[in-house]
A.B. asks: 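Before I ask anything, let me first share the structure, which is written out below as structure tokens.
By convention in this document, chain letters (A, B, ...) are assigned in the order of the sequence lines, proteins followed by strands, and residues within each chain are numbered from 1.
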There are 2 protein chains.
Amino acid sequence: MMQSLGGDGEVINKQVILKDYVTGGTAKESDLEVISTRTINLKLPKGSDGVLLKNLYLSCDPYMHACMNKIENPSIDIVSFSPGLPIRGFGVGKVVDSGHPKFGKGDFVWGSTGWEEYSVLSRLESDNLFKIDHTDVPLSYYTGILGVTGMTAYAGFFEICCPKKGEYVFVSAASGAVGQVVGQVAKFMGCHVVGCAGSQEKIDLLKNKLGFHEVFNYKEEPDLEATLRRCFPEGIDIYFDNVGGKMLDAVLVNMRRNGRIALCGMVTEFQKDKPQGVYNLIHAIGNRVRLEGFIMSDYLHLYPKYLDFVLPLIREGKIVYLEDLAYGLESGPSALIGILTGRNKGKQVVVIAKE
Amino acid sequence: MMQSLGGDGEVINKQVILKDYVTGGTAKESDLEVISTRTINLKLPKGSDGVLLKNLYLSCDPYMHACMNKIENPSIDIVSFSPGLPIRGFGVGKVVDSGHPKFGKGDFVWGSTGWEEYSVLSRLESDNLFKIDHTDVPLSYYTGILGVTGMTAYAGFFEICCPKKGEYVFVSAASGAVGQVVGQVAKFMGCHVVGCAGSQEKIDLLKNKLGFHEVFNYKEEPDLEATLRRCFPEGIDIYFDNVGGKMLDAVLVNMRRNGRIALCGMVTEFQKDKPQGVYNLIHAIGNRVRLEGFIMSDYLHLYPKYLDFVLPLIREGKIVYLEDLAYGLESGPSALIGILTGRNKGKQVVVIAKE
């Protein structure tokens, strides 16, 4: 709802701000605050070569929890959020005003933006936006399967895991934004796909909606090593690791020779003062296992190829994509905190406006 | 010393036997026993297609400690030693009698053999022996730099670490059998090489004899992360991991983007009931690091190529190889146990006889 404050296009710009750096481990809802005290002019200043964006959909991603801490180690390409300012993440927006040659008023775009109703992006920031050419699919998908998380699944699975037809694939956090894409793409490639999640509802979704060959609720399995042995009597060729910790340990003893592990999310590691240890790396020697960390942004050159691959599958219903939509910026803090405990079913998105 | 017991060539065959499976973690000298109660006939039975070997040099390797336990998990290709029988390992021997078409009396060979003065190897076991064609270098080298440990260094460094000239290489247990070869080969390839070891004496050897660019004594460094940051202000491209545990953790936060870690020995993991955890795997994501376990035996096809590479370097003194020789089978148990605590300086070898 735009609230005009005068003749010069000045409106209230609701924002989700970080109150202060998170200390002592896990972020809480109260570390964030929704404020309506700032205003924004809906025209860019003359001569600006950036973009003014109306934010529509915001993506909730585990890495954002790391950004709420004061990050000391500059080698990791994650930047701390600034206390007092809106947090940032990936989102879908509509161009309200533009001095950038690539974008015009009314264009839909996705990329890094602020958790606020309107964002002014600099030329540099705008250069990294992606113009949305296909609007026959839900725009919110560009926060996920058609954006960062889809590309994460695609790059991680094809470039890191190097799948072959008939291989045994395990996906943790399988109903999550990345996991559900990995699982379905793996199945599409002729792999045998097992997924795990943390509730009966998610298990049902994986089995009945997403077509995983086998699924289990890790919270109900006291001995994860034995569970994986049961699900993979031949062992695991590929593990797409979204959680790290104990599950990775249980996987390491169940890997097949020359298996590949894509290190992706490690969401469990964001929840703790001291991360869980991994104790079974020694099994990677005997089983000749490769573990490899990756960051999606290294693979952005594959994005057009990925769209060519995935858009037809979405349109034909061969890939199903589950979203958990939270409405309004006010719901942002709880939505973002909720993904750490797995409250969401499918990709967590905050909807600010539909257009 | 051959002790004849009759006209039929029967002699005493001194052996190092495993008394019983090791329980409760670390093996002790008293888990092994040297016995002189068995005899052997120095002629193979008629029709045998195996080999009778006089064992000369025995290799002491960390994996042998795992074999002293009752190994439950058959997926790791390490077989338990049998209580009451001689332990087994790699060694150099001289053929005393042979029914095998590839080997004749007087040939020197290396391969898997028993910890005893003489071993009878079956046809299958003999098939896996390597004939030693080059005897102008010390025969004991075939337990190490010209045998399994050399091939481990070569395969791990070239096939897993994929070195490029000018890269920054870190080697743990750098004065050990594998480490010293990796370090020197890396230097030869134009890399900047830093090694660590656990005593001043070893540090001196690394610096003065093996030509490492920089070395440190990990026992004197309270903050390994900081030490590595000091040694590698640009970060580490390649880590050849012979120890696992805390050192691996300190390395993970100091890796450069797209770094490679060869998971090799993890000797620290053989010493404990419960292995040390690795807590910093999450850094492998941001830094796009690949960790890969490997087993030398997958790369035996490269052995001729490796000999062509390394023999000239040894003959020209461009690669130095340090051995710690223990004389007599009686010294075997303490030599084997000693490698876990790093008592040895260079590759630990047990010398039974010189020819």
A.B. asks: Would you mind checking which part of B:V278 comes under 4.5 Å of any heavy atom in chain A, side chain (CB onward), backbone (N, CA, C, O), both or neither?
C.D. replies: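 B:V278 touches chain A through backbone and side-chain heavy atoms alike.
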
A.B. asks: Under 6.0 Å between ring centres: does that hold for A:F130 and A:F90?
C.D. replies: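 No, they do not, as the ring centres are separated by 6.0 Å or more.
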
A.B. asks: I'd like to know which of B:D249, B:N258, B:L291 tops the heavy-atom pair count under 4.5 Å against chain A.
C.D. replies: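 The residue among B:D249, B:N258, B:L291 with the greatest pair count is B:L291.
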
A.B. asks: How far apart are the closest heavy atoms of B:Y168 and B:G235, and which atoms are they?
C.D. replies: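 That would be CB-O, 3.4 Å.
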
A.B. asks: With distance as the sole criterion, is a donor-acceptor pair present between the side chains of A:T23 and A:K70 under 3.5 Å?
C.D. replies: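 No donor-acceptor contact under 3.5 Å links the two side chains.
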
A.B. asks: When only pairs under 4.5 Å are counted, which of B:I160, B:V289, B:N254, B:N280 shares the most heavy-atom pairs with chain A?
C.D. replies: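 If we count pairs closer than 4.5 Å to chain A, B:V289 comes out on top.
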
A.B. asks: Would you call A:D241 and A:R260 a salt bridge, using N to O less than 4.0 angstrom?
C.D. replies: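 A salt bridge is absent here (no side-chain N lies under 4.0 Å from a carboxylate O).
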
